[in-house]
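Accompanying notes for the structure given below.
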Amino acid sequence: MLRICIAAAAVLTIPQPTSADPGTYCDGAYAEAAMLVDAALADYGTLYSGGNHWHRVDDVGATLDLYRFWRGLPDIGLRRFEPPHPSREDDAFSHGWIWEAEVDDVWARARWALSPEAPANAPSYDVVWAGFGLDILTSLGPAPDWWHYADAFAELSDWQRWVADAAASEPAIDWLQTVLAASNAPWANHWHLAAGAHESVLGGHRRLAETATARFEAGDGIEWLVAAEINRPPSQRNGSVDHTFGVLRREISDCRANPQAYAAYAVSQVARDRHSPVEAGLFAHLPRTVRSAIAANRLYHFAIQTLDAPLEDAEAALAEFRDLAPDDPQWLQSVDLAQLYTAPTIDKVPLSDHAYARRAYNLLSADDIAALAQRDGLDPSLARAAFARHVALENWDRAEALLLALQAATPDRAEAIGRTWSLNLPRPVRLALIVLETPNLSTVITGGERWGDVALLYHQRAIAGVRNLPRDYAHGGILQRDFEVWLRLPQRWRAYRGMRGFTIGWIGRESRREPAFDDGHVPAPSLIPDGPSARGANFARLIAWGEIGPLAGDARLMHTVSRVIIAWADESTDSVWERVFGVHRMEAEALAVLIRLCRFNSCGTIGDEPAQRHAFELLHTRMPNRVAARETPYWWMSPEGS
């Protein structure tokens, strides 16, 4: 089970909402610093802003701008990097243009950006060489601090050996390598990912933190304080560094700190907040990217630590989380998920449009889904699912009670539903006919915002048009999967598309830099208890095991509908007189629709044969002259897993 090394105060000390921002704080003294921090952290949430080069052109221009800022050098705007166009073969920026250069040539063309005399308006060609060139010069290696003892590794590339030599005399190369290593640490974006780190990885980051601390204390610059702090493993403390940050915090609060100190404090606080939470008053004045990272980490920690806790204080805490970004739909839906996982009763379950929340609703009882559907007005998809589930479970009275809600949720079919319900037929038959006649009426709840989860996108596409609850919902495993994806655990990274622009930014650094984990797995709390004394989420108490098992088994919607419709058609045509003098148009049309639906949905068996075959034989032997029979020349085997 996951254990997070963080003071309890970090859970409860939730930053309070305020209208202040870095642009107005201390009369705007820190506005430029906040802008530079946001530029560096925007892509991946880490100080090292470059990529790993295989998917597109990345750069470290924004990181270099901060480095120059901390060194007291003029801002030359390296963050305005624009990648070269890849299709113009005669252009100096054609595809592969920089890869053909030698390492010394790249360094010669890029190093101008580190010079005090660097021009403020350099040509875009030079900006590309600086941002892109210094990104590809630096690289990950076999250990976090590999370049400090490169002779120990036999498999280094020529470029890596050049970096190891250059770092000994070029502080900027050494610093870039150090912050690159920090940006690749398992906990770089999310504190709880430290749980899966190799001890050798932890040791490498400890050494980097110690070396950077020594350089800061030797007067090499505040950028080394930042490098030390973001490399420090969660379990490592440093009293002198903590004291320094305490001084910085007080000076920033009093507007006495210089902008460089503000930027150093802001970048470092993403990592420090796990053990030294920033006060609410100062939180509002941190850069946007820093506030976002801190808030997300606190929310994850809150959700993990309160899964099975009494929620007397949780509602207030969640309300404060919600108020941090009341206009950000993605943030609000993330708070909804935390509320869902910790909700002990149905009235505490939020009505959310997050895809993970809507998947979780599938584990509720039909009555709870119906109640949720009526929350704050009618939710059409939930109302339809609740009705379908009661039909599948043969809860005829409860299904009838939801007819008005079904009509409101399906306005284009409301009149047809009313006509079918007014027929002089047994109640189960009328309800089964409504299921057949209402397009896409299903017991499975889908949809919602996926926020980059491609695996869930493919799953939802695969079950589009399926009316039965899939079997993989029956054991509740989808709840654990979605929880772990939401927590960004490495074993779930393949749920995200690997290309920039489609991958959630917070995942970008970990998934593409391949941080070291023992087995690629970080343990997480189990939402569903695996024993009488095991811990589970509050939400697990709401799972309707007695319903979802049958709904994914013998009580699947189309199984129930098949039994009802076939029994009705059989009974109404079981004598010669009924077949000769009866019209039976409705029975024939219902059987034809059933046969078509069974092509894509498991419809069970009647006796020893598939229900749709039984329906086909019934249609063609007893009602062969009906139009529906002539228009249904085939029957199909159904996908039994659906």
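- Counting heavy atoms from C-beta outward, Leu156 and Pro142 have side chains that approach closer than 4.5 Å.
- At a threshold of 4.5 Å between non-hydrogen side-chain atoms, the residues Ile230 and Val179 count as touching.
- With rounding to the nearest 0.5 Å, the separation of OG in Ser253 from CD in Glu279 is 6.0 Å.
- Here the NE2 atom belonging to His205 is positioned 11.0 Å from the OG1 atom belonging to Thr178, to the nearest 0.5 angstrom.
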Under the ring pair (Phe, Tyr, Trp, His ring centres under 6.0 Å) criterion, do Tyr30 and His285 qualify, and how do the steps go? CA-CA 9 Å; Tyr30 302 136; His285 303 293; 9.4 Å; no
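- Separation of atoms CG (Leu299) and CZ (Arg322) is listed at 9.5 Å; rounding is to 0.5 Å.
- With a 4.5 Å cut-off on side-chain heavy atoms, Asp174 and Trp147 count as touching.
- Around the CG atom of Asp254, the shell of radius 6.0 Å holds more than 12 heavy atoms that belong to other residues, nucleotides or ligands.
- At least one donor-acceptor pair under 3.5 Å links the side chain of Thr63 to the backbone N or O of Leu47.
- For Trp129 (side chain) and Val106 (main-chain N/O), no donor-acceptor pair under 3.5 Å exists by modelled atom type.
- When every heavy atom of Ala31 is checked against every heavy atom of Gly23, the shortest pair comes out as CB-CA, 3.9 Å.
- Checking side-chain atoms of Gln177 against main-chain N and O of Ser139 turns up a donor-acceptor pair under 3.5 Å.
- With 3.5 Å as the limit, one finds no donor-acceptor pair spanning the side chains of Trp191 and Asp273.
- Within the 3.5 Å criterion, the main-chain N or O of Gln330 finds a donor-acceptor partner in the side chain of Asp328.
- Under a 3.5 Å cut-off, the side chain of Gln480 and the backbone N or O of Leu527 do form a donor-acceptor pair.
- Contact annotation: the side chain of Phe283 never approaches that of Gln269 to less than 4.5 Å [non-hydrogen atoms, C-beta and beyond].
- Side-chain contact between Tyr67 and Leu176 is absent, with no heavy atoms from C-beta onward closer than 4.5 Å.
- Looking only at distances, a side-chain donor or acceptor of Thr306 sits under 3.5 Å from a matching main-chain atom of Phe302.
- Using a 4.5 Å cut-off on side-chain heavy atoms (C-beta onward), Glu170 and Trp107 make contact.
- Between the side chain of Thr289 and the backbone N or O of Ala42, no donor-acceptor pair lies under 3.5 Å.
- With values rounded to the nearest 0.5 angstrom, Ile478 atom CD1 is found 11.5 Å from Tyr356 atom OH.
- The distance from the CG atom of Asp43 to the CG atom of Asp59 is 8.0 Å, given to the nearest 0.5 Å.
- Ion pairing of Asp105 with Arg109 is present here, as a side-chain N (NZ or NE/NH1/NH2) and a carboxylate O approach within less than 4.0 Å.
- Residues Leu78 and Val60 have side chains not in contact (no heavy-atom distance under 4.5 Å, counting atoms from C-beta outward).
- A donor-acceptor pair is defined here as one N or O able to donate and one able to accept, closer than 3.5 Å; no such pair exists between the side chain of Asp145 and the backbone of Leu208.
- Residues Pro259 and Ala33 approach most closely at O-CB, 3.6 Å, considering heavy atoms.
- With hydrogens and angles ignored, the 3.5 Å screen pairs a side-chain donor or acceptor of Asn297 with a backbone N or O of Ala293.
- A donor and an acceptor atom, one from each side chain of Tyr48 and Asp135, are located under 3.5 Å apart.
- Of the charged side-chain nitrogens involved, at least one lies within less than 4.0 Å of a carboxylate oxygen, so that Asp453 and Arg481 count as a salt-bridged pair.
- Ala263 approaches Phe69 most closely through the heavy-atom pair CB-CE2, 4.0 Å.
- Contact check for Trp146 versus Val163: side-chain heavy atoms found under the 4.5 Å cut-off.
- Shown here are the ring pair (Phe, Tyr, Trp, His ring centres under 6.0 Å) partners of His459, two or more places apart in sequence or in another chain: Tyr473.
- Closest non-hydrogen pair, Ala110 versus Leu134, comes out as CB-CG, 3.9 Å.
- Ionic pairing of Glu223 and Arg215 is not present here: no N-O contact between side-chain nitrogen and carboxylate oxygen is shorter than 4.0 angstrom.
- With respect to the salt-bridge test (charged N to carboxylate O, under 4.0 angstrom), the residues Arg207 and Glu210 do not qualify.
- Ion pairing between Asp242 and Arg232 holds under the 4.0 Å rule for side-chain N and carboxylate O.
- Rounded to the nearest 0.5 Å, atoms CZ (Arg68) and CG (Leu66) are 12.0 Å apart.
- Checked by atom type and distance alone, the side chain of Asn189 pairs as donor or acceptor with a backbone atom of Tyr44 at under 3.5 Å.
- With hydrogens and angles left out, the side-chain atoms of Trp486 and Ser334 include a donor and acceptor closer than 3.5 Å.
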